[in-house]
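This report refers to the structure that appears directly beneath it.
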Amino acid sequence: MILTITMNPSVDISYSLDKLVINDVNRVSNTRKTAGGKGLNVTRGINFSNIPVLATGIIGGTTGKFIQEQLDEDNIAYNFYVTQKESRNCIAILHQGNQTEILEAGPRLDNDDVEQFLQHYKKLLNHVKIITISGSLPLGFPVNFYVNLIELASEYQIPVLLDSSGQMLLTTLKSQYKPYLIKPNQEELKQIIQMDIDVNDSHSLIKALKHDSLDDIPLIVISLGKNGAFARCFNHYYQVSIPKINVVNPVGSGDITLAGLAVSLHENESIEVMLKRAMTMGMLNAMEAQTGFVNMNNYHEYYQQVEIKEII
Ligand code: ATP
């Protein structure tokens, strides 16, 4: 089974307006509410691939209940640590081709929640083969919290796939307990290595991937949007090219790419198949309007068009 971790999930509310009028009333008839958070997108991607998956993290209040109901509707298994504090809402207003977002920070949690969640997490580790960690931490959680999760997973020899950014990612990379795989995008990679990268130049990408802070991470997949990906897998370098597709909504493509990587590792696939699967999943997400949704009927057609070239 794959365990996905979403520490600060949300109810994602999307309002479609013809025009957003500032300093006036905007009435909305077209509203969509879904369970959100990067880790829950990963969970959906794994579920679409028909691999057993369990979602965990922290939820609370009526928003927390709504998240559970939505996951029930999607037939997704979950086991969250439940607090009294309301989970957050994240609002996206779609207007005239623009997207204006209002994102709540979420509840402020305390040391007791940290401890309780760690106990909860330990109890889930028995039947888990792969763990994914995505997104940010709740307010009040220590910046090295993901290091704790990786350390506990290492006691069970469970590889952890980490898709995070900022200080949480930097702190984890500096620690003794490393993730098995990271999937930075171009911006996240720049944050890590603190230097400019030319994503069209494989020498520049290889130089970036040789940065000290990336030592001891077996698999690194730099996702590059429409330009595919560049990867370092056990000290081999791969350029991954993808076909041109009809992009409808690329939001969450990185999450679904991580789902593809997790599924592949769960199924013990080769590096080539893993990279192809991950890219195909990302593309399928970008071709759909709904974030975190893929049409698996198109899988084979796009999978065949992904090209992997080892750079020697
Ligand atoms: P997000 O934060 O929205 O989840 P990300 O920045 O982490 O995304 P990207 O590199 O944008 O991740 O996308 C991941 C993968 O999804 C790409 O490697 C590619 O396979 C696919 N993808 C994303 N955007 C596009 C696009 N415009 N055209 C084709 N494929 C895309």
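Every value quoted in this text rests on a predicted model; they were computed, and no experiment measured them. Ligands are counted one by one from 1 in listed order, and the atoms in each one are counted from 1 as well.
Less than 4.0 angstrom separates some heavy atom of V247 from each of these atoms of ligand 1: 26 (C), 27 (N), 28 (N). The distance from ligand 1 to the heavy atoms of K226 drops below 4.0 Å at these ligand atoms: 25 (C), 26 (C), 27 (N), 28 (N), 29 (C). Contact atoms of ligand 1 toward I245: 28 (N), 29 (C), 30 (N) (distance under 4.0 Å to a heavy atom of the residue). Counting atoms of ligand 1 from 1 in the listed order, those under 4.0 Å from a heavy atom of T257 are 14 (C), 15 (C), 16 (O). Each of the atoms 5 (P), 6 (O), 7 (O) of ligand 1 lies under 4.0 Å from some heavy atom of N185.
The protein heavy atom nearest to atom 3 (O) of ligand 1 is G252 N, 3.1 Å. For atom 7 (O) of ligand 1, the closest heavy atom belonging to the protein is K183 NZ, 3.1 Å. In terms of protein heavy-atom proximity, atom 1 (P) of ligand 1 is closest to G254 N, 3.7 Å. Ranking protein heavy atoms by distance to atom 2 (O) of ligand 1, first place goes to K38 NZ, 3.9 Å. Protein heavy atom nearest atom 22 (N) of ligand 1, with residue, atom name and distance: G225 O, 3.8 Å.
Taking a 6.0 Å sphere around CD of E301, one finds it holds more than 12 heavy atoms contributed by other residues, nucleotides or ligands.
The nearest pair of heavy atoms linking G292 to I256 is CA-CD1, 3.8 Å. Here the shortest heavy-atom pairing between P243 and M283 reads CD-SD, 3.7 Å.
Paired with I182 under the rule side-chain contact (heavy atoms from CB on, under 4.5 Å), one option of T172, L214, L161, D163 passes, and it is L214.
Under 4.0 angstrom from ligand 1, the non-hydrogen atoms of I242 all belong to its side chain. Residue-level proximity to ligand 1 for S223 is carried by backbone and side chain together, each with a heavy atom below 4.0 angstrom.
A donor-acceptor pair under 3.5 Å is absent between the side-chain atoms of D18 and the main chain of H95, judged by distance alone.
Within the 4.0 Å heavy-atom shell around ligand 1 one finds G228. Residue contact check for ligand 1: K244 places no non-hydrogen atom closer than 4.0 Å to it.
Aromatic ring orientation, F48 versus F293: perpendicular (interplanar angle above 60°, classes split at 30° and 60°). Between F145 and F141, the ring planes lie perpendicular to each other; the angle is over 60°, past the 30° to 60° tilted range.
One finds no salt bridge joining D216 and K178 here, because no Lys/Arg side-chain nitrogen approaches an Asp/Glu carboxylate oxygen to under 4.0 Å. Note on K65 versus E69: no salt bridge recorded, every NZ/NE/NH1/NH2 to OD/OE distance being 4.0 Å or above. A salt bridge between D12 and K33 is absent, with no side-chain N of the basic residue lying under 4.0 Å from a carboxylate O of the acidic one.
If you check each of G282, A229, S253, G135 against atom 13 (O) of ligand 1, the one with the closest non-hydrogen atom is S253.
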